[in-house]
Protein chains: 2
Amino acid sequence: MKSPSQSRDRGIPEATVARLPLYLRALNGMAERGVATVSSEDLAMAAGVNSAKLRKDLSHLGSYGTRGVGYDVEYLVYQISRELGLTQDWAVAIVGVGNLGRALANYGGFVSRGFRVAGLLDADPEVVGDDIAGLNVEHIDVLEAVIERRGVSIVVLATPAVAAQEVCDRVVAAGVTSILNFAPVVLSVPDGVDVRKVDLSIELQILAFHEQRKAGGPLMAVDSQ
Amino acid sequence: MKSPSQSRDRGIPEATVARLPLYLRALNGMAERGVATVSSEDLAMAAGVNSAKLRKDLSHLGSYGTRGVGYDVEYLVYQISRELGLTQDWAVAIVGVGNLGRALANYGGFVSRGFRVAGLLDADPEVVGDDIAGLNVEHIDVLEAVIERRGVSIVVLATPAVAAQEVCDRVVAAGVTSILNFAPVVLSVPDGVDVRKVDLSIELQILAFHEQRKAGGPLMAVDSQ
DNA sequence: ATCCCTTTGTGAAGCGATGCACAAAGTCGG
DNA sequence: CCGACTTTGTGCATCGCTTCACAAAGGGAT
Ligand SMILES: NC(=O)c1ccc[n+]([C@@H]2O[C@H](COP(=O)([O-])OP(=O)(O)OC[C@H]3O[C@@H](n4cnc5c(N)ncnc54)[C@H](O)[C@@H]3O)[C@@H](O)[C@H]2O)c1
Ligand SMILES: NC(=O)c1ccc[n+]([C@@H]2O[C@H](COP(=O)([O-])OP(=O)(O)OC[C@H]3O[C@@H](n4cnc5c(N)ncnc54)[C@H](O)[C@@H]3O)[C@@H](O)[C@H]2O)c1
């Protein structure tokens, strides 16, 4: 039973949260092209979703549209940004500066909006000291100090699988509660810690499953992004 | 036992398909450690899911367990591999050999199981001709020839966002129906083409949302992987 | 002020996924 | 061969998300 707390309904569905960045990206593109207002139909098209779903998603944030007109692009950009917490700056540390870690460090795309790479850490003495994208790679020994001093609140894990849980335990102990994990392991974390994983291998296997099915029978329902 | 009859249950839920690679990874680890059989409880623990869910997932493939005992690890590895289409070899082409494309090409993890990088393609003359992980980077002009001659059925897109849709159109026209997209754009494809996307920026934004909420109010439900 | 047109916001139905709980099916010791 | 024990496979209630469909709300023309 839920109590009828008439206060602010901060219960935004997880599925909605996952789509807000998509809307935001589409809206930013429109703002750049000078579009002032957009209908749910057009925005849904740009984001690749159903328009009713888009309207319901946005309704969770509030009533920011105008009936008969649509949504003000800039205003909506601001509202979604605020809801996602992008109006503040997030310090991110990347642990494991190998092939993938380097690519991430060099990637300008996420630094641009709200996220700032505040630390690169690795265990390999060969790697420590390297300069990558203007940052010096530090030794994993100073992990806790880096997290604390630079206010790191999100850690990206790009170490080999065997090291991931150990590093995870350390960053959690240091107070981090948001982790993006690229290592192919199921991390075990205490309640209150958020782990999201990106797993290339799983994605390929899912594609292979559907590909095999297409080759087999003529009955299929595909696509989804 | 179950005979490979013609009446296979092809209606495996998408959510189940997405978890099979997780089970497979856990099972492979157990097989390496010499574990012969495993209960749904233990396997679920290793994969980080509910045991009832695991049993229901596996029941979609058939009745491969033994009541009172559990599942034979090697047999289950084979069955899941077969279901996912990993008993055959998949030729993968990577288009866009920049920071990310290089990391992917150098990554041994997915080449090991069923997937083989059969081509690296880029538009930049500076990059074309480079040798990466034993493969020569070819010019995007020969995309169609590479796909056709080497039987490429899965394409990994790692080009800048602006080029993604154009390259996508070409690979689809060349007959590819499975695409893994790293570019931050919503690809538009015809029915029957599977697109999966990996979007670092979206993952970070979702983490930021929850992080902000944690800092704000004391009412939260977190974690999920 | 009134009418018409467009588009939002949402009630409600539909659909698939989740997790509990247990009967059925198997093992194993005696 | 039996009876205690273990673990699977699944019926069922529930939950959350999606989609349809439409009343309500606003803008603009006359
Ligand atoms: N490269 C890819 O395309 C790719 C794709 C999918 C998944 N992954 C996964 O991402 C992770 C990184 O992949 P990669 O290709 O960059 O591997 P890599 O071996 O090139 O890099 C790993 C880095 O982590 C460092 N490291 C090892 N132990 C450490 C520790 N305890 N603390 C800090 N740093 C440590 C190593 O020194 C190395 O620099 C792996 O788990 C891999 O499975 C990579
Ligand atoms: N690097 C990351 O960590 C990261 C993370 C998330 C998303 N992404 C996305 O992945 C994509 C690649 O990122 P990156 O950092 O490797 O970029 P990059 O600029 O280093 O590499 C892109 C490569 O694509 C090539 N290219 C451009 N147009 C092409 C075309 N028409 N056909 C073939 N090749 C073409 C370029 O020559 C270049 O080598 C981008 O869309 C980026 O937004 C990258």
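Extent of DNA chain C lying under 4.0 Å from chain A heavy atoms, first and last nucleotide in 5' to 3' order, is dT6(C) to dA12(C).
Between Glu83(B) and Gln212(A) there is no side-chain heavy-atom pair separated by less than 4.5 Å.
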List the steps and the verdict of side-chain contact (heavy atoms from CB on, under 4.5 Å) for Val198(A) and Asn181(A).
-> CA-CA 6 Å; Val198(A) 173; Asn181(A) 178 34; over 6 Å; no
Candidate pair Asn99(A) and Tyr107(B), rule side chain to side chain donor-acceptor pair (under 3.5 Å), full reasoning | CA-CA 8 Å; Asn99(A) 289 314; Tyr107(B) 181 50; over 6 Å; no
I'd like a list of close polar pairs between nucleotides 2-7 of chain D and the protein, N/O only, cut-off under 3.5 Å.
unit_1	atom_1	unit_2	atom_2	d
dT7(D)	O4'	Gly68(B)	N	3.0

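Every side chain to side chain donor-acceptor pair (under 3.5 Å) that Gln79(A) has, sequence neighbours left out, goes to Tyr64(A), Tyr75(A), Arg82(A). Considering only residues two or more places apart in sequence or on other chains, Arg170(A) meets the salt bridge (Lys or Arg N to Asp or Glu O under 4.0 Å) condition with Glu144(A).
Each of Leu157(A), Ile202(A), Val185(A) was compared with Lys197(A) under the side chain to side chain contact (heavy atoms under 4.5 Å, CB included) criterion, and only Ile202(A) meets it.
When only modelled atom types and interatomic distance are considered, Ser178(A) and Glu211(B) share a side-chain donor-acceptor pair under 3.5 Å. Side-chain atoms of Gln165(B) and Asp169(B) include a donor-acceptor pair closer than 3.5 Å.
A salt bridge links Arg25(B) with Asp199(A): the distance from a Lys NZ or Arg NE/NH1/NH2 to an Asp or Glu carboxylate oxygen falls below 4.0 Å.
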Protein-to-nucleotide contact annotation, 5' to 3' order, nucleotides 11-17 of chain D [B base; S sugar-phosphate only; - none; under 4.0 Å, heavy atom] | BB----S
With a cut-off of 3.5 Å and sequence neighbours excluded, list every side-chain donor-acceptor pair involving residues 85-97 of chain B.
unit_1	atom_1	unit_2	atom_2	d
Asp89(B)	OD2	Arg116(B)	NE	2.8
Trp90(B)	NE1	Gly85(B)	O	2.6

